[in-house]
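Note on naming: letters A, B, ... go to the chains in the order of the sequence lines (proteins, then strands), and numbering restarts at 1 for each one.
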Amino acid sequence: MSGLRVSSFFLGNSSGVNFSIVLNPVDEKTGKLHLANCSGSKRVGDWNLNVTRVRDTSEVTVSLTRNLQLCLPNATDCCTTPLCVVETLQVLACRDALVLAHLLVQAEIYANSSFTGNVSENATIIPNQAFKPLGSCPCDLTAGACDVRCCCDLECTPDLKQLFNESCFTGVFGGDVNPPFDQLCSSHSMEYTPDWFPFLCVQSSLNNTPFLGYFYHGSISTPRVPSFKIPLQTSPGRLFTGYRQGDPIMTEENEYFAIPQQSMAGQCVGNAPVAYLQNFDVKCLTNLASYKEGLPHDVRINSGTGDFIKQNVIYRTITNMDKFKTESENLHSAEVWCQNVTFAEHYTFIWKDKSIEQVNVTVFLGSLCDGEILTQRFTVKFLSLESTTPVEPFGNPGYQVGKLVRAANMNASDTFGSLNIWQPAGRGLCTSATYTPVLFGLDSFSGCLLEVDINEDCSILRGNVTEKLDSLIRATHIGKRVNSSYSDLNDWVEIIRLDPFNSDTNVSTGNLKGICSDIPANLNIRIIFATVGAVQGIPRQEILAVQISFSTVVWQFQCGLICENSTSFLPITSSVQFIKVPAQPPIPLTRFQMNYTEFDCNRNDVCWPQLLYPLTRFYSGEPYSQCLAKGLSLAFLVLLSAILSNPWFSTLW
Amino acid sequence: SSQLSSLPLQILLYINGVYYIFYFLATLTMIVYKSQVFSYPDDFLAPDLLVLFIMAILEVPRLYLGSKGNLTEEEAPLGLSLVLTLGSVVLAVYFLAWQTYVLRADLILNALLLSAYGLESGLKVMAIAAFVS
């Protein structure tokens with residue numbers, strides 16, 4: 001045995017059998033076993049004998065109970081030499097003073113070489129990596145002790161190494177940081193060596209490869225501790241110069257004003273700061289267990305000019321809780337724990353220039369019971385003092401992706417218009433679908449299902465569908481820019497409508513029921529825009545034209561096995577497509593540029609910059625240093641031949 | 001009038017000149033070969049080539065001065081040639097041991113060159129001793 005414990009089995013009937021352990025059963029002079037004596041005990045010296053009987057067999061375990069720590073000589077209760085225990089034992093199984101079986105155990109146990117002492121605070125000196133590879137023995141993990149199976153560890157004595165010599169770690173981890181490569185003269189791994197190999201094999205030793213210190217540049221950089229703190233504004237009156245678009249809104253205590261918002265991953269985060277002039281409308285799911293109250297409403301907000309404004313809070317209670325909560329199963333159980341929570345918060349920030357003038361909050365409260373799932377709704381709107389429509393005056397007047405497309409109805413009295421697409425809800429039926437406004441730059445395709453009776457008249461169906469789709473477009477003009485004003489007609493482009501081909505005559509259907517052709521069920525909105533400049537590096541995009549057209553489908557009643565008098569669904573869709581056109585045509589090339597193409601590598605047969613490669617760094621096929629070396633050697637040889645051909649030189653020989 | 005010029009030295013200088021041309025071409029070719037077959041870390045190729053060219057430039061005046069000094073029996077050029085030989089020895093040792101990749105052929109060529117240099121230096125010292133006395 002070489003460990004602390006070894007076990008064996010005694011097979012057979014073990015009733016009335018006594019196990020005992022005998023130390024040094026072998027006579028040192030003759031080498032013969034002593035006569036077995038059944039009067040031993042289960043504990044001899046440092047050795048212990050444990051017997052567990054299981055049905056017909058008994059498991060016999062011999063264990064050593066002594067300290068195997070390596071220590072100084074002349075110390076007690078520990079090992080003075082690495083080879084700690086070399087003993088022979090005999091386990092006897094006796095019944096009525098008769099030996100039934102005996103087991104001979106030879107123990108050769110080494111001292112525990114794992115390091116359990118004090119950890120020294122001295123840092124190991126790292127050798128200069130320009131001359132010695134860092135980590136030449138990666139398995140040498142403990143300093144001052146021998147790491148088992150690490151053959152490159154210098155702290156292992158040769159006889160210790162001999163113990164695990166066959167199972168050393170291989171590869172880089174075992175210290176082979178510089179494996180010999182095939183071209184070395186000393187490597188015999190290749191079966192096929194080329195003919196010239198004895199002359200052109202690499203003679204340099206592996207200790208000094210050119211890659212030693214390759215990554216070592218010697219410069220030291222001090223680590224920059226990243227500070228995750230909010231930059232403190234020490235005196236808000238002096239340093240805080242107002243909010244710009246996108247700045248986080250701060251509270252009185254110089255903390256972010258946070259409202260739960262949706263993070264990029266999709267779930268709601270509670271401590272999301274509110275950005276200036278950035279409206280949002282989020283819905284967050286929560287239940288009673290994970291409900292967390294937001295910022296208290298008596299927190300004052302930094303207005304941007306140094307003073308602090310209070311929030312004007314209006315509390316309301318929810319009557320129709322079904323829009324927010326989903327019922328749970330244990331609603332009707334006896335005792336449910338309910339709590340008053342906020343169902344929705346609607347913030348309205350009234351701003352002017354770079355500061356906030358007023359904050360109005362409407363909080364809807366309701367009771368949430370254990371087991372129910374609540375959809376909280378948080379909206380933030382920034383309203384300017386002049387107009388009631390949320391618009392950003394400064395910054396980029398052009399459209400950005402995600403902005404609302406301005407629409408106006410010049411025929412109406414209040415010139416207010418809207419351009420929407422379907423937003424289906426519930427089962428997707430058009431009766432329950434709502435509208436969502438068209439956002440710039442976001443191509444979308446949505447629709448809803450219209451229930452159609454089998455007996456529906458085709459022209460009535462056409463009218464119905466057209467009316468539904470027309471309700472999406474409540475505008476006659478679309479604004480060219482975000483800040484188009486209603487008074488200036490030049491700021492608006494007229495919507496080009498391509499109405500569906502209106503045919504009142506019974507063209508093809510005749511008297512067929514359940515099939516209608518030419519149903520204008522798809523609305524296509526094409527918005528053409530262009531980049532007409534840039535503001536502070538951000539391109540300014542304007543809408544040039546808007547076209548609305550209808551695509552027709554043939555609707556057919558979908559029967560089941562038998563055509564019953566039920567309803568079928570007709571999908572009505574609306575799609576928005578944003579098409580970018582160049583604002584100006586590309587600048588025409590001058591005749592000079594077209595004819596004299598010397599330095600244009602695309603149109604020229606000879607690419608001069610690439611041909612004069614070492615002088616111009618145009619080509620990137622070969623490494624620059626190699627090409628330079630070859631060029632210089634060529635130049636040298638030319639010079640040499642020029643010199644040697646000089647007749648004065650021939651007199652030297 | 002006994003002739004003090006050393007004939008073995010002159011022969012050695014002549015052989016050295018011929019051998020050096022061969023050595024230079026061979027080493028240059030091998031450097032080109034090594035740069036294709038092996039990968040040189042950043043900017044290690046340039047020093048090797050530079051040292052080779054410096055050695056070539058050093059060799060011409062060294063042989064000329066040695067030959068002239070021996071034939072005209074003057075010790076000054078011979079002494080200067082000896083000093084230049086020292087420089088060449090250092091460069092030859094560079095190619096023997098400190099080069100980026102040392103091939104066995106490099107070993108052989110440089111060993112021969114170093115032995116030629118050693119022999120030459122010995123003969124030059126003897127020639128200087130003969131001229132001075």
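- Here the NZ atom belonging to B/K34 is positioned 9.5 Å from the CG atom belonging to A/L200, to the nearest 0.5 angstrom.
- The number of heavy atoms from other shown groups lying within 6.0 Å of CZ (A/F199) does not exceed 12.
- Shown here for B/R104 and A/P198, the closest heavy-atom pair between the two residues is CD-O, 3.0 Å.
- To the nearest 0.5 angstrom, B/L49 atom CG is 11.0 Å from A/F636 atom CZ.
- Counting heavy-atom neighbours within 6.0 Å of A/K161 NZ, excluding the residue itself, gives a total above 12.
- Annotation: A/Q162, atom CD; neighbour count of heavy atoms from other residues, nucleotides and ligands within 6.0 Å does not exceed 12.
- For a heavy-atom cut-off of 4.5 Å, chain A lies close to B/L107, B/I108 in residues 106-122 of chain B.
- Contacts with chain B (heavy atom to heavy atom, under 4.5 Å) involve these residues of residues 626-635 of chain A, listed by number: A/Q626, A/A629, A/K630, A/S633.
- Atom CZ of B/F24 is separated from atom CG of A/L637 by 6.5 Å, given to the nearest 0.5 angstrom.
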